[in-house]
Amino acid sequence: MLSHVYIKDLSKHVGESVTLKGWLFNKRSSGKVKFLILRDGTGYLQCIVFKGNVSEEVFALADSVSQEASFEITGKVKEEPRAVGGFELDATDLKLIGDSVEYPITPKEHGIEFLIDNRHLWIRSKKQVAILKIRHRIVKAIRDFYDERGFTLFDPPIITPNAAEGTSTLFEMDYFDLGKAYLTQSGQLYAEAGAMALGKVYTFGPTFRAEKSKTRRHLTEFWMVEPEMAFYDLDDDMDLAEEFIEYIVQTVVKDCRPELEVLERDISKLEKIVRPFPRISYTEAVEVLKSKGREFTWGDDFGAPDETVISEDYDKPVMIHRYPSAVKAFYMKRDPENPEVALAVDVIAPEGYGEIIGGSQREDNLDFLLERIKEHNLPQKYFEWYLDLRRFGSVPHAGFGLGLERTVTWICGIDHLRETIPFPRMIYRNTP
RNA sequence: UCCGCGAUAGCUCAAUGGUAGAGCAUUCGGCUGUUAACCGAAGGGUUGUAGGUUCGAGUCCUACUCGCGGAGCCA
């Protein structure tokens with residue numbers, strides 16, 4: 001039995017004397033009474049130290065204990081509507097565990113550069129704790145969603161010999177006598193092999209892009225979940241993506257209300273994220289852009305501002321499908337009814353949060369796939385194993401990738417991706 | 001890579017070309033119910049770096065460094 005209790009469990013201990021352990025979040029005092037706000041990772045608790053109730057040493061310690069010092073405190077739990085969290089501790093004893101001298105992050109405002117430099121401490125603050133808890137809940141929701149639907153987790157390699165799509169810039173490394181190797185930018189090709197073995201699989205892990213992107217929507221290292229399903233076509237793929245997003249958002253709404261409130265998220269906007277989502281073709285989206293007076297040529301890919309304009313008509317994610325095949329990856333299947341377009345889909349989150357999903361039905365015909373590889377000037381020898389998937393029992397199949405950090409950013413309603421991962425990796429920053 | 005913005009106390013920011021200031025943090029004092037508590041006092045600065053204009057530069061000019069967010073690319 002643990003010798004101390006956690007703040008989240010205090011409701012079971014009202015009237016009892018208990019010991020808690022944690023860090024000093026903030027302190028206020030009024031002469032002979034000290035208010036110590038304890039945080040322990042499960043919540044916040046106001047502890048009262050009255051001069052008359054404790055020894056002189058304890059009162060002196062309550063006076064001198066500084067922000068983020070760790071301590072152990074004992075006292076009686078009582079319900080107190082005036083206090084954060086609804087409970088309060090009437091302290092009888094206090095022990096310092098670890099001192100904290102001039103903690104750099106004060107209760108006032110700070111600039112982003114300073115906060116990122118102190119990311120290892122910044123994650124102790126209220127909003128960051130809320131974001132990281134929501135991220136955790138989303139990760140669990142993702143795994144639950146696929147596990148409950150007969151998918152098998154399938155871990156692809158992180159070190160790969162080639163560029164999966166031949167487009168992005170990758171992180172390069174020397175791989176012993178085998179020459180250059182690269183950090184993965186997607187587990188998808190491997191997931192396709194998994195789908196042929198296990199039917200329905202998903203990959204979930206870190207992904208790396210060496211693009212020199214400097215925006216609030218990009219990290220060089222981020223997490224992506226990629227389901228891949230045998231015998232699914234594009235419509236099945238979109239059905240799954242829609243159900244998936246609804247499940248994640250509604251799980252967070254149900255289980256993370258306190259965290260969403262800390263973040264001042266407009267929860268009513270999340271409650272609207274229920275099926276069905278609007279589905280429009282690329283060609284229809286181009287018409288929308290033109291009707292709003294934007295210059296756009298059929299055949300170009302959408303930029304982030306275009307996506308925002310298209311999505312602003314909806315309060316749900318919008319699914320844009322059938323993009324010009326020229327702007328999409330080599331493995332995407334062309335629409336048999338119109339070879340100019342690929343059976344691809346992007347899902348654009350509402351409120352201007354941009355693309356959170358990119359997916360497609362895959363090319364399952366060996367000859368067409370060989371043509372695409374030639375057109376994209378990709379080295380066929382690296383794809384022989386991938387082509388084997390079409391040589392030995394090829395089936396229609398589809399999948400998509402969902403960016404974890406973009407999803408967390410949207411659901412939390414925050415304005416930058418870097419706050420959604422404990423230690424963000426960006427083009428000009430790889431510390432702490 | 002391109003475009004724009006910025007760098008002054010530990011932090012967030014002020015300061016017509018004329019003695020560098022405030023709030024928070026820190027230290028000291030006051031207050032028995034505080035909610036980013038409050039009140040009083042103190043310490044704290046080579047104004048990113050290098051050069052230039054000027055009687056005088058935080059302020060104007062040039063170069064550089066670093067940071068920020070936007071484009072492109074994408075999750």
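What you are looking at is a predicted structure, and each value in this text was computed from that prediction instead of being measured. Values reported hereafter were calculated over all heavy atoms of this structure, with side chains retained and with hydrogens, waters and symmetry mates removed. Below, chains carry the letters A, B, ... as their sequence lines are ordered, and counting in each starts from 1.
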If only side-chain N and O atoms of [X] are considered, is one of them under 4.0 Å from the OP1 or OP2 phosphate oxygen of [N]?
X        : N     : result
A/Arg216 : B/G70 : yes
A/Lys214 : B/G69 : no
A/Arg217 : B/G72 : no
A/Arg209 : B/G72 : no

Hey, are [X] and [Y] close enough for a salt bridge, meaning a charged N less than 4.0 Å from a carboxylate O?
X        : Y        : result
A/Glu307 : A/Arg406 : no
A/Glu271 : A/Arg257 : yes
A/Arg294 : A/Glu312 : no
A/Glu242 : A/Arg279 : yes
A/Glu228 : A/Arg362 : yes
A/Lys316 : A/Glu246 : no

If you measure from the [atom1] atom in [N] to the same atom in [M], how many Å do you get, rounded?
N     : M     : atom1 : answer
B/C74 : B/U49 : C1'   : 37 Å
B/G58 : B/G48 : P     : 10 Å
B/U54 : B/U12 : P     : 36 Å
B/U8  : B/U47 : C1'   : 4 Å
B/A36 : B/C24 : C1'   : 9 Å
B/G10 : B/G43 : P     : 16 Å
B/G23 : B/C60 : P     : 27 Å
B/U62 : B/U26 : P     : 43 Å

Inset, instruction - For RNA chain B, write out the stems as range with range, using runs of 3 or more consecutive Watson-Crick or G-U pairs with both distances under 3.5 Å. - result: B:1-7 with B:65-71, B:10-13 with B:21-24, B:26-30 with B:38-42, B:48-52 with B:60-64

To the side chain of [X], which of [options] is closest?
X        : options             : answer
A/Arg429 : B/C68, B/U26, B/A75 : B/C68
A/Glu102 : B/G33, B/U26, B/G10 : B/U26
A/Ala304 : B/A71, B/A75, B/U32 : B/A71
A/Arg418 : B/C73, B/U12, B/C68 : B/C68
A/Glu113 : B/G67, B/C74, B/G10 : B/G67
A/Thr106 : B/G72, B/C24, B/A75 : B/C24
A/Ser30  : B/U32, B/U12, B/C73 : B/U32
A/Phe50  : B/U32, B/C74, B/U34 : B/U32
A/Phe35  : B/G72, B/U34, B/G10 : B/U34

Legend entry - Distance-only polar pair, side chains of A/Ser186 and A/Glu226, donor-acceptor under 3.5 Å: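 Yes, A/Glu226 and A/Ser186 have a side-chain donor paired with an acceptor closer than 3.5 Å.
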
Rounded off to whole Å, could you give me the [atom1]-to-[atom2] distance for the [X] and [N] pair?
X        : N     : atom1 : atom2 : result
A/Gln188 : B/C74 : CD    : P     : 14 Å
A/Phe302 : B/A71 : CZ    : P     : 16 Å
A/Lys212 : B/G69 : NZ    : P     : 17 Å
A/Asp90  : B/G33 : CG    : C1'   : 12 Å
A/Leu121 : B/A25 : CG    : P     : 18 Å
A/Asn118 : B/A25 : CG    : C1'   : 14 Å
A/Phe208 : B/C73 : CZ    : C1'   : 18 Å
A/Met332 : B/C74 : CE    : C1'   : 11 Å

What's [X] touching, base or sugar-phosphate or nothing? Going by heavy atoms closer than 4.0 Å.
X        : result
A/Ile357 : sugar-phosphate
A/Glu88  : base
A/Lys78  : base
A/His218 : base
A/Gly52  : nothing
A/Ser29  : base
A/Gln46  : base
A/Ile356 : sugar-phosphate

Inset, instruction - Examine A/Phe296 together with A/Phe302 and report whether their ring centres are nearer than 6.0 Å. - result: yes

Legend entry - Residues in salt bridge (charged side-chain N to carboxylate O under 4.0 Å, His left out) contact with A/Glu340, at least two apart in sequence or another chain: none

Legend entry - Any donor-acceptor N/O pair under 3.5 Å between B/C74 base and A/Ser213 side chain: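 For A/Ser213, whose side chain was compared with the base of B/C74, there is no donor-acceptor pair (under 3.5 Å).
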
Inset, instruction - Please tell me which of A/Ser64 and A/Ile427 maps to the more 5' nucleotide of RNA chain B, matching each residue to the nucleotide holding its nearest heavy atom. - result: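 Nearest-nucleotide comparison on RNA chain B picks A/Ile427.
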
Legend entry - 5′-ward residue of the pair A/Ile112/A/Lys27 relative to RNA chain B: A/Lys27

Inset, instruction - Please state whether the rings of A/Phe330 and A/Tyr386 are parallel, tilted or perpendicular, taking 30° and 60° as the class boundaries. - result: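 If you compare the ring of A/Phe330 with that of A/Tyr386, the planes turn out perpendicular.
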
Inset, instruction - Decide ring pair (Phe, Tyr, Trp, His ring centres under 6.0 Å) for A/Trp298 and A/Tyr282; before the verdict, give the C-alpha distance in whole Å, the side-chain angles of both, and the deciding distance to 0.1 Å. - result: CA-CA 9 Å; A/Trp298 195 100; A/Tyr282 168 90; 5.4 Å; yes

